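Values in this document were obtained by computation on a predicted structure and should not be read as measured data. Both backbone and side-chain heavy atoms feed into the values below; hydrogens, waters and symmetry mates do not. So that the names make sense, note that chain A is the first sequence line, chain B the second, and so on, each numbered from 1.
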2 protein chains.
Amino acid sequence: MRQLCMPRGLANETLPRLESVICIARPVTRGEALYRGGDPFRYLYAIRTGAIKTVMTQRDGREQVTGLRIAGEPLGLDGLGSNAHTCSAIALEDSSVCIVPYAPLLELCRDIDTMQARLLALAGEHIARVEAQMMVNDSMSADERVARFLLDLSERNAQRGYSATEFSLRMTREELGSHLGVTLETVSRTLSGFQRRRLIELRGKAVRLVCAEALRAV
Amino acid sequence: MRQLCMPRGLANETLPRLESVICIARPVTRGEALYRGGDPFRYLYAIRTGAIKTVMTQRDGREQVTGLRIAGEPLGLDGLGSNAHTCSAIALEDSSVCIVPYAPLLELCRDIDTMQARLLALAGEHIARVEAQMMVNDSMSADERVARFLLDLSERNAQRGYSATEFSLRMTREELGSHLGVTLETVSRTLSGFQRRRLIELRGKAVRLVCAEALRAV
DNA sequence: CGCCCGATTGATAACGCTCAAGGCAAGTGG
DNA sequence: CCACTTGCCTTGAGCGTTATCAATCGGGCG
């Protein structure tokens, strides 16, 4: 697990110092908020098990799912800029996260080059991910969006050592729709369509990619 | 200008070191690319004058404008994660930018706390901006998107000391549409509509916000 | 068992896209 | 100086995708 969190390519002797910074895991039960928009930004997180969605709320009350993070992925970068989180993080299943206090982490970064680089890289990866997501949602049809989501999730599962072909959507159709900028009905119809065309198999939130190639071709 | 770039709240004695890192300004002529997607990531930039758009291209050739940065704003953060830029930066007008080599900047960050904090804050602000943009584009109507864009640009102009009510859109209707996830015709119609309803005045790319309140209310 | 939340499916309508024609302003060349 | 070109913008008409509204279904849980 350790290598999935913050460090990667760290010299071994620095590990103890890192561990002195990382608090032990904290459990988050399904539906619970790890943090909420507006909360003071004090910690970064790494998901150990489970899945967590990030949600943004605007003045008028409309909510949107801005991201889905699964085991092995970092969380909380949205607070970097200010001293408050800009969105809420809510557990989709019972999960557990590593808590990394930000201030000590900064100290560590000052002493350890690779740590600093790693933190900035995480921020950069997140930027790239969000920008890619934005492009998908802006310029593609509902079918394409859903297909891309499936492929993205598949790839991330694979990266973390899980199955690339069989996994859980983790979110309800409504959350998925919110994330992709379409309605839940459209998500449902699209998934049904994919199943009819034998691109996927579907049972509730469980999917099996039957023909990833065809999905890639929209 | 200096205070608009990277440093803010820096001790005075650190300025010389910063200046030793920042290259002198480089001019970029209208239409020219400061960097392109895939280019190695070596520099960060701060826009001194002018305006620059960031553009992402996908496999199939479709392009999307992912951002608009004006004088005083940072640029190039999209390379942080990897060692290559994920999008292209193209000048919308003749502009000039400060060039900040990344490697020396990192050195500097290690020695100067506020510098490190500032860099991370810039990354965080960018994340927040992109996520907000994504939310706007996913969950709002064309009218709302255009209105939000106008208000956002107005606010950023004000922040940098320019007029909050009279400014230039900087982009063509097509680029604007790409940025907002609608077609150029829709942008045109929407702007015309706003003008008819006396919310704005419009002459080419020049706008004057007549009633920002009404714009906020969509 | 019955309730309830989530998912599916259908009918209808609206919003925004596509295609198409024209206008305006700036630049170019005769 | 005027005709012509070119790029950008505006406006219109028709159509398609997706939202909306609504009914039904199914599975999990008290």
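- When rounded to the nearest whole Å, the span between CZ of B:Arg170 and P of D:dC8 equals 18 Å.
- Inter-axis angle, ends of the helix from C:dC1-D:dG30 to C:dG30-D:dC1, five pairs per end, rounded to 10 degrees: 30°.
- Spacing between atom CZ of B:Arg189 and atom C1' of C:dG16 amounts to 8 Å, rounded to whole angstrom units.
- A close approach under 4.0 Å does occur between a side-chain nitrogen or oxygen of B:Arg173 and OP1 or OP2 of D:dC9.
- For A:Met140 and D:dT18, the CE to C1' distance is 16 Å, given to the nearest whole Å.
- Taking 3.5 Å as the limit, the base of D:dC8 and the side chain of B:Glu175 contain no donor-acceptor pair of atoms between them.
- Here B:Thr186 does not reach the OP1 or OP2 of C:dG16: none of its side-chain N or O atoms lies under 4.0 Å away.
- Note: CE (B:Met171) to C1' (D:dC9) measures 16 Å, nearest angstrom.
- Side chain of A:Ser192 to main chain of A:Ser188: a donor-acceptor pair is present (N/O by atom type, distance under 3.5 Å, no hydrogens or angles).
- Using cut-offs of 30° and 60° for the angle between ring planes, the B:His85 and B:Phe41 rings count as perpendicular.
- Residue A:Thr183 is classed as a base contact, given a heavy-atom separation below 4.0 Å to a base.
- Taking only side-chain nitrogens and oxygens, A:Lys205 never comes nearer than 4.0 Å to OP1 or OP2 of C:dG6.
- Residue A:Arg148 places its CZ atom among 12 or fewer non-hydrogen atoms of other residues, nucleotides or ligands, all under 6.0 Å distant.
- One interatomic measurement links the two molecules: CD of A:Glu174 to C1' of D:dA19, which rounds to 14 Å at whole-angstrom precision.
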What's the verdict on side chain to side chain contact (heavy atoms under 4.5 Å, CB included) for B:Phe149 and B:Met171, showing C-alpha distance, side-chain angles and the deciding distance? CA-CA 12 Å; B:Phe149 173 82; B:Met171 297 191 279; 4.0 Å; yes
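- At least one side-chain heavy atom of A:Leu120 sits under 4.5 Å from a side-chain heavy atom of B:Leu106.
- A:Leu184 has its CG atom 12 Å from the C1' atom of D:dC21, to the nearest Å.
- Backbone-only contact: A:Gly181 has heavy atoms under 4.0 Å from sugar-phosphate atoms and none from a base.
- The distance from atom CD of A:Glu144 to atom CG of A:Leu215, rounded to the nearest 0.5 Å, is 12.0 Å.
- Formation of a donor-acceptor pair under 3.5 Å by the A:Arg69 side chain with backbone atoms of A:Ile52 is not found in this model.
- Regarding contacts with the backbone of D:dC9, every side-chain N or O of B:Ser188 stays at 4.0 angstrom or more from both OP1 and OP2.
- The interatomic distance linking A:Arg30 (CZ) with C:dG6 (P) rounds to 8 Å, in whole Å.
- Atom CZ of B:Arg203 and atom C1' of C:dC24 are 10 Å apart (whole Å).
- Mapped onto DNA chain D by nearest heavy atom, B:Gly204 and A:Glu185 fall at different nucleotides, with B:Gly204 at the one closer to the 5' end.
- Side-chain N/O atoms of B:Ser141 include none lying less than 4.0 angstrom from OP1 or OP2 on C:dC15.
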